[in-house]
Protein chains: 2
Amino acid sequence: MKAFLAAIEPTGQTCADCAVRQFSVCAALDTAEMQEFVHFGRHVQFAACETVFAEEELTTSFYSLLAGVMRLYKLLPDGRRQIVGFSLPGDFLGMSTSGRNNFSADAIGSVEVCRFAKAAFLRFAEDRPHLLHRINELAVRELSQARDHMVLLGRRSAEEKVATFLINWRDRLARQAEPSATLSLPMSRQDIADYLGLTIETVSRTFTKLERDGVIEIIQGGIRLLDPARAEALTAA
Amino acid sequence: MKAFLAAIEPTGQTCADCAVRQFSVCAALDTAEMQEFVHFGRHVQFAACETVFAEEELTTSFYSLLAGVMRLYKLLPDGRRQIVGFSLPGDFLGMSTSGRNNFSADAIGSVEVCRFAKAAFLRFAEDRPHLLHRINELAVRELSQARDHMVLLGRRSAEEKVATFLINWRDRLARQAEPSATLSLPMSRQDIADYLGLTIETVSRTFTKLERDGVIEIIQGGIRLLDPARAEALTAA
DNA sequence: ATTGGCGATTGATACAGATCAAATCCGGCG
DNA sequence: CGCCGGATTTGATCTGTATCAATCGCCAAT
């Protein structure tokens, strides 16, 4: 599978050869600023299933995901879980108004992040409108995705949910690497269920149904989209 | 009911006596900036059920809600609707990355907004980091609310949904006016259903059940929270 | 090769909430 | 005052998804 999903390949230590630069917050920085900026980002690795930060914890860092996939989720007191998103390389994490994280994040597979001290980062951004503008752009984009996800959670059937998830995942991967009919799904069925507001059994049954119908083929660690057009039709976009 | 819900009272025409100033974007502006800023905001009224802007329309304005309540929603091609939020005075609307609205907004009851030309507003904000920071703060706060709402839509039962809605609504109203056990609910049952990912019948039955259980009393245009503690317990926070 | 264990799949059944249908409430208007 | 029409409530029934319970498949350790 792709290197960015498994975090196999070493990532450069300087911003200059950063693989995700043009997708990340840093895209807003010019060369001179980058010189300065490089000093407060530190690369950190996380092993599969390690928690990068937890809900309610004080936010002391921002993170830019370099390689790997993360799940972002919230828990109810009784243990019910809602995954509010999956992060891919280039995503920026840690913004909050309250000073505490409003969700938890952990690694799916191994992950590499660039970690910034929050205070230093904010001081740096303070008088750089283009950087603020970039941060805002990322926040507003996420907000738009969040609203799309609300529609999915509140108003779509199980089959529509699964089809929508597969199509969106394909589109996100296509932004990272070559578009392909073969989709790597590094997250578990339980993760998918918690993302879609379903149970693991319903997700499994729906995958099986889509396979029976010739829409997908279930393969090790992912699926193959046999009939993308039909899958898109099933999303009731 | 409260003036800000019904937009009965005339709202001042200058920023100086703006009722929502300290809650809105404008809170970030100093007196000098306000002098300049006042020139590109225009007060506009909308009657009950009028559409302020529609999804997919080009975004030409930003809006700061002055009085009244709005519903923000997305539609699926077959007419299913998901309300992604209700706006109260002080809320800022119109941010988008694509240049098009990613949801529709219409007035519930009559509404008054302060409308800004998008281009002029952006030019004004461009080199004012404190304003950009304020806009970002509002976006991040909304993002946090959006994630809370995902948990509700994906993982809560009908009763938990309704209880959560009532408690959240009470808390939002309390930020606008005196806290009170009597809640005005200007939106219809159908709106509530589309906000919670339920049907109108289920919402109605759940209200009735809460009333039978002595948690609320259903009154004209709203409810009375007879047992706030029990209601909070039902939210499964 | 054999076993243990975990994630995924499959099957049987239950139930929360949807759907279909009717009754009731209530404000506006002749 | 009485009638009309939309919103809401209530009732009866249906169904999609959850729940409960095996079973399967596959990798890793023995």
Side-chain angles (χ1 to χ4, degrees), chain A residues 1 48-49 71 76 78-83 108-109 152-166 183-213 216-224 234 236, chain B residues 1 6 47-49 71 76 78-83 108-109 152-166 184-213 216-223 234 236:
Chain A
M1 284 298 153
C49 292
R71 70 178 150 251
L76 291 178
D78 63 3
R80 279 175 286 177
R81 183 177 72 157
Q82 176 66 47
I83 291 186
I108 299 179
L152 176 143
L153 290 169
R155 288 299 181 220
R156 291 177 129 99
S157 70
E159 191 174 52
E160 289 168 348
K161 284 176 174 181
V162 170
T164 305
F165 165 66
L166 293 175
L183 305 190
S184 154
L185 296 176
M187 69 293 284
S188 70
R189 291 287 187 271
Q190 185 63 63
D191 288 340
I192 297 173
D194 288 345
Y195 181 62
L196 299 177
L198 298 171
T199 59
I200 186 174
E201 294 95 332
T202 298
V203 170
S204 182
R205 278 186 246 275
T206 307
F207 269 79
T208 304
K209 176 172 188 305
L210 291 176
E211 184 167 51
R212 262 203 319 272
D213 295 351
I216 64 171
E217 184 194 341
I218 300 171
I219 59 174
Q220 203 38 263
I223 60 125
R224 205 181 306 272
L234 287 174
Chain B
M1 283 299 151
C49 293
R71 69 178 150 250
L76 291 178
D78 63 3
R80 280 175 286 177
R81 183 177 71 156
Q82 176 66 46
I83 291 186
I108 298 179
L152 176 142
L153 290 169
R155 289 296 180 222
R156 290 176 131 98
S157 70
E159 190 174 52
E160 289 167 350
K161 285 176 174 181
V162 170
T164 305
F165 165 67
L166 294 176
S184 153
L185 296 175
M187 69 293 285
S188 70
R189 291 286 188 271
Q190 185 63 61
D191 287 340
I192 297 173
D194 288 345
Y195 181 61
L196 300 178
L198 298 170
T199 60
I200 186 174
E201 292 94 332
T202 299
V203 170
S204 181
R205 276 186 247 275
T206 307
F207 269 79
T208 305
K209 176 172 188 303
L210 291 176
E211 184 167 52
R212 261 204 319 274
D213 295 351
I216 64 171
E217 185 193 341
I218 300 171
I219 59 174
Q220 203 38 261
I223 61 128
L234 289 174

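By convention in this document, chain letters (A, B, ...) are assigned in the order of the sequence lines, proteins followed by strands, and residues within each chain are numbered from 1.
- What separates CD1 of B:I216 from C1' of D:dT8 is a distance of 14 Å, to the nearest Å.
- The distance from atom CD1 of B:I200 to atom C1' of C:dC25 is 14 Å, rounded to the nearest whole Å.
- Between the P atom of D:dA7 and the CD1 atom of B:I108 lies a distance of 13 Å, rounded to the nearest Å.
- Rounded to whole angstrom, the span from the CD atom of B:E159 across to the P atom of C:dC15 amounts to 17 Å.
- Minimum atom distance to the side chain of B:E201 is reached by D:dG11, of the listed C:dT10, D:dA18, D:dG11.
- In this structure, the CD atom of B:E211 is 13 Å from the C1' atom of D:dT8, given to the nearest Å.
- Remark: C1' of D:dT17 and CG of B:L153 are 17 Å apart, rounded to the nearest angstrom.
- At whole-Å resolution of the value, CZ in B:R155 and P in D:dA18 are 7 Å apart.
- Contacts of B:T208 with the nucleic acid, taken as non-hydrogen atoms under 4.0 Å apart, involve only primed sugar atoms and P, OP1 or OP2.
- Closest approach to the A:S204 side chain among D:dT10, C:dT9, C:dG17 is made by C:dT9 (side chain taken as heavy atoms from C-beta onward).
- Along DNA chain C, the nucleotide nearest to A:Q190 and the one nearest to B:G197 differ in position, and the one closer to the 5' end is contacted by A:Q190.
- Listed pair A:T202 / D:dT17 fails the phosphate criterion, with no side-chain N or O lying under 4.0 Å from OP1 or OP2.
- The distance from atom CG of B:L198 to atom P of C:dT19 is 11 Å, rounded to the nearest whole Å.
- Remark: A:R71 is not positioned above the aromatic ring of A:Y195, lacking an NZ or CZ atom under 6.0 angstrom from the ring centre and at most 45 degrees off the axis.
- Of all the heavy atoms in A:L153 and B:G154, the pair that sits closest is CD2-CA, 4.1 Å.
- Of all nucleotides listed (C:dG17, D:dA18, C:dA8), C:dA8 comes nearest to the side chain of A:S188.
- Electrostatic pairing of A:R80 and B:E160 counts as a salt bridge here, judged by a charged N lying under 4.0 Å from a carboxylate O.
- Judged by atom type and distance alone, A:Q220 does not reach the base of D:dC27 through any side-chain donor-acceptor pair under 3.5 Å.
- Of the candidates C:dT10, D:dG11, D:dT9, D:dG11 carries the atom nearest the B:R205 side chain, counting heavy atoms from C-beta on.
- A:D194 has a carboxylate O that lies under 4.0 Å from a charged side-chain N of B:R155, or vice versa, which qualifies the two as a salt bridge.
- The shortest side-chain heavy-atom distance between B:F165 and B:L152 does not fall under the 4.5 Å cut-off.
- Nearest to the side-chain atoms of B:S157 among the listed nucleotides D:dG11, C:dG17, C:dT10 stands C:dG17.
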